[in-house]
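Have a look at the structure below, then the notes.
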Amino acid sequence: MAGPMKMRATLASGYTDVRVLMSHPMETGQRKGPDGKMIPLHFIQNLTVKVNGKTVVEGQISQAVSRNPVFSFRLKGGAKGDKIEVSWLDNKGETNRTESAVA
Amino acid sequence: MRTTVCAVALGVSLAAATAAAQESQFAQYQKMVAEGSPVELFELVGEELWQKKQGPKNASLEQCDLGLGPGRVKGAHARLPRYFKDVDRVMDVETRLLHCMMTLQGRSREDALKRPFGNADKPSEMEYLSAYVAGQSRGYKMSPGMSHPQEQESYALGKKLFYVRTGLWDFSCASCHGEEGKRIRMSELPVLSKPEAARPLMATWPAYRVSNSTFKTMQWRLNNCFRQMRTPEPVFGSETINALNMYLTVTARGATYSGPGTKR
Amino acid sequence: MDDQRRGWLKAAGALGVVLVAGLLKPVAALAATWNKDAFAAKSAADALKSLGAADTAASSDIVIEAPQIAENGAVVPIEVTSKIAGTTSIAVLIEKNPFPLAGKFDFMEGALAFVKLNVKMGETSDVRVVATAGGRNYVATREIKVTIGGCGG
Amino acid sequence: MMRKWMMGAGIAALVLSPVAFAEPSDREVQEIMKRDFRPKGQAKMDRIEQDAVQKVCTASLNKPPAQLAKKLEADQMETIAYPAGSLMGNWKGGAAIAWSGQGMQWHEDPKKPSGGGCYNCHEMSPARTSFGTIGPSLRGFGKTRGNGIEMQRYAYGKIYNAKAYNLCSEMPRFGHTNSLTEQQIKDLVAYLLDPASPVNQ
């Protein structure tokens, strides 16, 4: 089961700053677990940022992104109350999403 | 020598300039890592665990008294360790959380301490809870208990312990944390007996630790120091561990708590 | 075996509507393209070829903010801004990583060409950032040193 | 438990200064530690039983009275067991031992050889840029000091039991505590002294 996500979207001068935290192991497939066996590749591949339902950023990432990924994006303009949604999809087909209003 | 004299004469402004000149080569790295830290994820899980009913009494920890009265978490971490009348001893935040698991939830010490220190794949309950409680003290001034005789005893013991040469390799805490400008490999070592070094450090523990890819507590930090000192293992919540924590926190008192932090 | 398979297909057919509506759609709604060839490339040049960005021109309008020296390669923060007008995508490549491409971000109307992320770096390496604007590719490079600390190992 | 030493400290305790009141005695601190530690893995309780050196260095905050230091250093010198013949082992083996910081910790397999962790505290080979600064730089050690039998004996002895040379040195007693074997120490001597060693490049 996916751990929590957390997002903060705040108005800055001329843009909206979106900072999103995701719980994910981002396994590289090159690490041994406590049982001595290799832990298989397990990482987020896609992430999507939407504003009021419209996609504005689409990211493709690799296992080189650090464990528990943290991303910042910037959106043009923006207004208080705009609904920001961030979702991810990993190589095992697991997904998670979070949304919050611009503060 | 001349700079020292000047620094004294010019007071604050030059002292600040000197500090900047001696800034760690990792300062930029540490700043950027702290800004992009996943530490809040641990606070979120910790808050859920704080509210989760469990143990034989099927109770949450929401009524836990961390020193400000039952259920008051805001600012509590910044006032620990301190003396607790109900147990007639000094407790740091983890020792107190353990106490609440046992009394409020009715869990045995063995059960509550089955796994005090977790790992990246499975952080421990104590780690999550510590993250939540610490996060509720962000912005509060650090003011550990210093008035009760037992609090002063604890400080005095901690200070002595800091200098005890022990373990297979004859180390004391001061072996690594006693002199300015020293490193273990590339890790810079703060002189923890000095407030100016203890403050930024204690104001950011517990912390997300990049080397472990997970959240770590102060009791883990001390435990791990003793491991590397090649001693046997200190008991969780023992007087020794609480005293060391008390000594370091009192040395850091007056700092504004800004954790939970993010470390190398 | 065949019978079983047919049975499964039949069941799937009956469930088709539900599947599309309930399961497949959310997944499809996510950006489901992931450039396997680019991410599997073992050199930055090959990765860029797979991204269709083999030809690049150096640009000082790509700003990479990153520490000069990282205390731990498990988390290396990198912030990238492209000031090139009409930037539609930014790719981040760690030259010395076994698979250099760490991420590619496409920006649509409403987003600034900016991303900040944490990456793993096995060793000191150049970080190459490629921005695409108006069908042309621009590049900027920056070295990040990685040290090993601690005394447990 | 600790009540005893608080007696008579009452007045000082009223002044909120944390430094103004009585401290527990060294013996009391020892008793508290024995109560508060548990054996784990290879780390048994004898490891926090202070010997004479640890006691004196703790009590004097690493500034032992000169005469006592001299006597205890002589005692420590006697613990050093020099093998017969050359003390120069293989510098390549020494390089790996100097780099490894592992060994003797409670989670580690005691059957596996320890490292010396030399780089934790010392600069050695110029090729290694990650080194600590708790101890002095040993870069060019053999080049500047020579590698005759006297220097070999000094290097071997210092690694075996640093306290024989400086009672409250922060350096572990690698031979005396059986942390490193005779061969490992010889390899480290070679790493320090052999003209072919990277330390001397």
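Each chain gets a letter, A, B and so on, in the order the sequences are listed, and its residues count up from 1. Source: prediction; values computed, not measured.
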Passes side chain to side chain contact (heavy atoms under 4.5 Å, CB included), A/Thr55 versus C/Met108? Steps please.
CA-CA 7 Å; A/Thr55 300; C/Met108 279 128 244; 3.9 Å; yes
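- Put simply, the side chain of A/Asn46 gets close to the backbone of C/Thr33: a donor and an acceptor are under 3.5 Å apart.
- Heavy-atom distances place the side chain of C/Asn97, and not its backbone, under 4.5 Å from chain A.
- Contacts of C/Ala102 with chain A are made by both backbone and side-chain atoms, with heavy-atom separations under 4.5 Å.
- A/Arg19 does not touch chain C: none of its heavy atoms, backbone or side chain, sits under 4.5 Å away.
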Does C/Asn118 form a side chain to side chain contact (heavy atoms under 4.5 Å, CB included) with A/Phe71? I'd like the steps, not just the answer.
CA-CA 8 Å; C/Asn118 296 327; A/Phe71 289 94; over 6 Å; no
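- Contacts of C/Phe107 with chain A are made by both backbone and side-chain atoms, with heavy-atom separations under 4.5 Å.
- Smallest separation of non-hydrogen atoms from A/Arg74 and C/Glu79: NH2-OE2, 4.4 Å.
- Under the 3.5 Å distance criterion, the side-chain polar atoms of A/Lys54 are matched with a main-chain donor or acceptor of C/Glu109.
- Looking only at distances, no side-chain donor or acceptor of C/Lys116 sits under 3.5 Å from a matching main-chain atom of A/Val70.
- Put simply, CZ on A/Phe73 and CG on C/Leu112 are 12.0 Å apart, with the number rounded to the nearest 0.5 Å.
- Using a 4.5 Å heavy-atom cut-off against chain C, the contacting residues of residues 75-85 of chain A are A/Leu75, A/Lys76.
- Partners of A/Glu27 under the side chain to side chain donor-acceptor pair (under 3.5 Å) rule, at least two apart in sequence or in another chain, are A/Arg31.
- A donor-acceptor pair is defined here as one N or O able to donate and one able to accept, closer than 3.5 Å; no such pair exists between the side chain of A/Gln60 and the backbone of C/Gly103.
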Could you list the donor-acceptor pairs under 3.5 angstrom formed by side chains in residues 61-68 of chain C, with sequence neighbours left out?
none

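- Identified under the ring-ring contact (aromatic ring centres under 6.0 Å, His included) test for residues 28-64 of chain A, with sequence neighbours left out: A/His24-A/His42, A/Phe43-C/Trp34.
- For C/Leu117, the parts lying near chain A are the backbone and the side chain together; criterion is any non-hydrogen pair under 4.5 Å.
- Across C/Val119, C/Ile90, C/Asp106, C/Val115, the residue that shares the most heavy-atom pairs under 4.5 angstrom with chain A is C/Asp106.
- Contacts of A/Val51 with chain C are absent, with no heavy-atom separation under 4.5 Å from either backbone or side chain.
- With A/Ser62 contributing its side chain and C/Phe39 its backbone, the two residues share no donor-acceptor pair below 3.5 Å.
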